[in-house]
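Values below: all heavy atoms of this structure, side chains included; hydrogens, waters and symmetry mates excluded. No experiment lies behind these values; they were computed from the predicted model shown. Letters A, B, ... mirror the listed sequences (proteins, then strands); counts begin at 1.
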Amino acid sequence: MAIIDIHTVTKKYASVTALRSVSLSIPEHTVFGLLGPNGAGKTTLIRLLTNLMKPTSGEIHIDGNPVSRQTAQQVGYLAQMPTYYRWMSAYELLEFSGKLYGMSESQRKDRIPFMLELCGLSAATQRKIGEFSGGMRQRLGIAQAILHEPKAVFLDEPASALDPQGRKEVLSLIDALRAHTTVLMSSHILDDVQRVCDEVAIINHGEIVLQERMDTLLETHAQSLVHCQFASEKDALEAAQLLHRYDIGATQEYEKLMLPAALYEEKQQEILSLIAANQWQLKGLSYQKATLEDVFLHHTQEANHV
Amino acid sequence: MYNTYLTLLAKEWIESLRTSRLLIWTVIGVFFGILSPLSAYFLPEILSLVGATENIIITIGSIGYQDALKQYIKNFTQIGTIVVIILYMGSIAQEKSDGSLSFLLVRPVDRISILLAKITGAKIIIAIGQGAAILCMTLYSRYLFPDFPIARFIVANLFLFIYFLTIAVITISLSAMVTKPIIAAIGSLGFWILFSVIAMSRQLGNYSFTQVSDQMMQMTEGFPVSYTPTIGALVLMIVVIGIAYWRFSRWECTD
């Protein structure tokens, strides 16, 4: 069942259309990646989901209800550059947040220490937020977003400003959230999305250009490659030219020839025979697994060309 | 809604303590509460000292509590206005620009609660600082001018409270309408100047909140008081809050 349902949403600013007829459906207990280059409309979409903005047209439903102040109870949000009251301690911020969500005192007493522990902040509960590092602020951001056990959590570039260690911690935390809630995270860091997301949508120039489950996406949209390493650039170039005559599309790059893995498997005998017959020195063969980067670049560049 | 309002009000209170807003305003109150009677009382001596160095004789009439009161009203309203504007210019605009307002708005919090909690917070801070000013002014004036009318002075301070509250409401409301604290400050100062000019008009002047200081003087001295400036201040506050809420409820986080 879809917990988040976005139906033909358009958002226009004065002279800019930030989102054009965006439709998305996100199932429960999914970590959903919203992938796109800077300025693609990721933050705008998240702000519409959190009621920080109103769509110019279209509808957004969370757990079956149109987005409003009431649906805020079902939602948690982490901003791209989270800013909290610098004079509050981590505990006070969560206490304040819990009260605003209408949590009872006993709920807050149980949940706040647990969240601080989960987010690795138990040693800093009484420290002022103004003294926090970027990574600590981000982890506190996740804690405040999931404190009230929302049905959906929206994380806007949750790891982009962090060092490798901080990124690893935050991504592990997001991974662990899957069991409790639905996560929509925006990012332009493809590794992060590929690592934790079950499903992904690529947004470019305010339009969704692709939405797919991660495994299906890599199977159907990404191309694994076979790299043939020759002894010289001349050999590689001649091999590429000859293979083209046999309708075998290959890309040559210095001493390397790259072929789609599926094509190589189909015509392996023919290719190796041609190489042997022409006495080109083949130094090695390697297999490159399809990545999200290939899909992303393919779809965003394709849209840019259009 | 009421619980949300109380939670936000508690946050405003702690913020005022931690960011020294309460301390600054109280120090201002104490300063003018002490300085006004002292400077009035010692004015003849100060002037004679100035005259002696310049070889001139300065004579002034007898000094009474009215002089202390004039000093109190004049100094406190002028400097106090600037201080209130500085203290509250960023109350909402700063939270908009640094993103902390989004923290509230993604929660089930209605925007009118945010605005009213800010105004109520300002009301409490102004009352405490002014309370300190009243206490100091009363103690010193009673000692230096035995005929100082304590009861009338305390009641008359209600007018001054309304005056400062009007300034705070205008500043907070403008802060809710714009995204830069400095614009809220300039706007608020503009309002103050505008209403000071209006106060000079014969017809409209009686409704200008800047005339509230005259009401205070009249009441302390036991003269009959015209309540039109207070009515003007209350109407102005209601209108400004209404416009601020209308604008604030349409604000979208775009930064």
Legend entry - Lys NZ or Arg CZ of B/R111 over B/F248 ring: under 6.0 Å, within 45°: yes
Legend entry - Under 4.5 Å from any heavy atom of chain A - which part of B/R107: both
Legend entry - Lys/Arg-Asp/Glu bridge criterion (N-O < 4.0 Å) met for A/R167, A/D192: yes
Legend entry - Test item: A/S97 side-chain N/O and A/L94 main-chain N/O as donor-acceptor pair under 3.5 Å: no
Legend entry - Proximal to chain B - members of residues 31-39 of chain A, heavy-atom separation under 4.5 Å: none
Legend entry - Contact origin within A/L93 toward chain B - heavy atom pairs under 4.5 Å: both
Legend entry - Contact origin within B/S102 toward chain A - heavy atom pairs under 4.5 Å: both
Inset, instruction - Heavy-atom pairs under 4.5 Å with chain A are the metric here; pick the option from B/V109, B/L8, B/L105, B/L104 that has the most. - result: B/V109
Legend entry - Which portion of B/L101 sits near chain A, non-hydrogen atoms under 4.5 angstrom: neither
Legend entry - Side chain A/Q144, main chain A/G141, donor-acceptor under 3.5 Å: yes
Inset, instruction - Would you check if the side chain of A/T30 reaches a backbone N or O of A/E28 as a donor-acceptor pair within less than 3.5 Å? - result: yes
Legend entry - Interface moiety of B/E15 toward chain A, non-hydrogen atoms closer than 4.5 Å: both
Legend entry - B/Q130 side chain to B/N157 side chain, donor-acceptor N/O pair below 3.5 angstrom: yes
Inset, instruction - Examine whether an atom of A/K128 lies under 4.5 Å from a heavy atom of chain B, and if so say whether it belongs to the side chain, the backbone or both; otherwise answer neither. - result: side chain
Legend entry - Any donor-acceptor N/O pair, A/R178 side chain to A/H29 backbone, under 3.5 Å: no
Inset, instruction - With a 4.5 angstrom heavy-atom cut-off, could you sort out which part of A/F154 is near chain B: side chain, backbone, both or neither? - result: neither
Inset, instruction - Could you verify whether a donor N or O on one side chain and an acceptor N or O on the other, from B/Q215 and B/T230, lie under 3.5 Å apart? - result: yes
Legend entry - Distance-only side-chain donor-acceptor flag, A/S186 / A/D156, under 3.5 Å: yes
Inset, instruction - May I ask you to decide if A/S57's main-chain N or O and A/T10's side chain share a donor-acceptor pair within less than 3.5 Å? - result: no
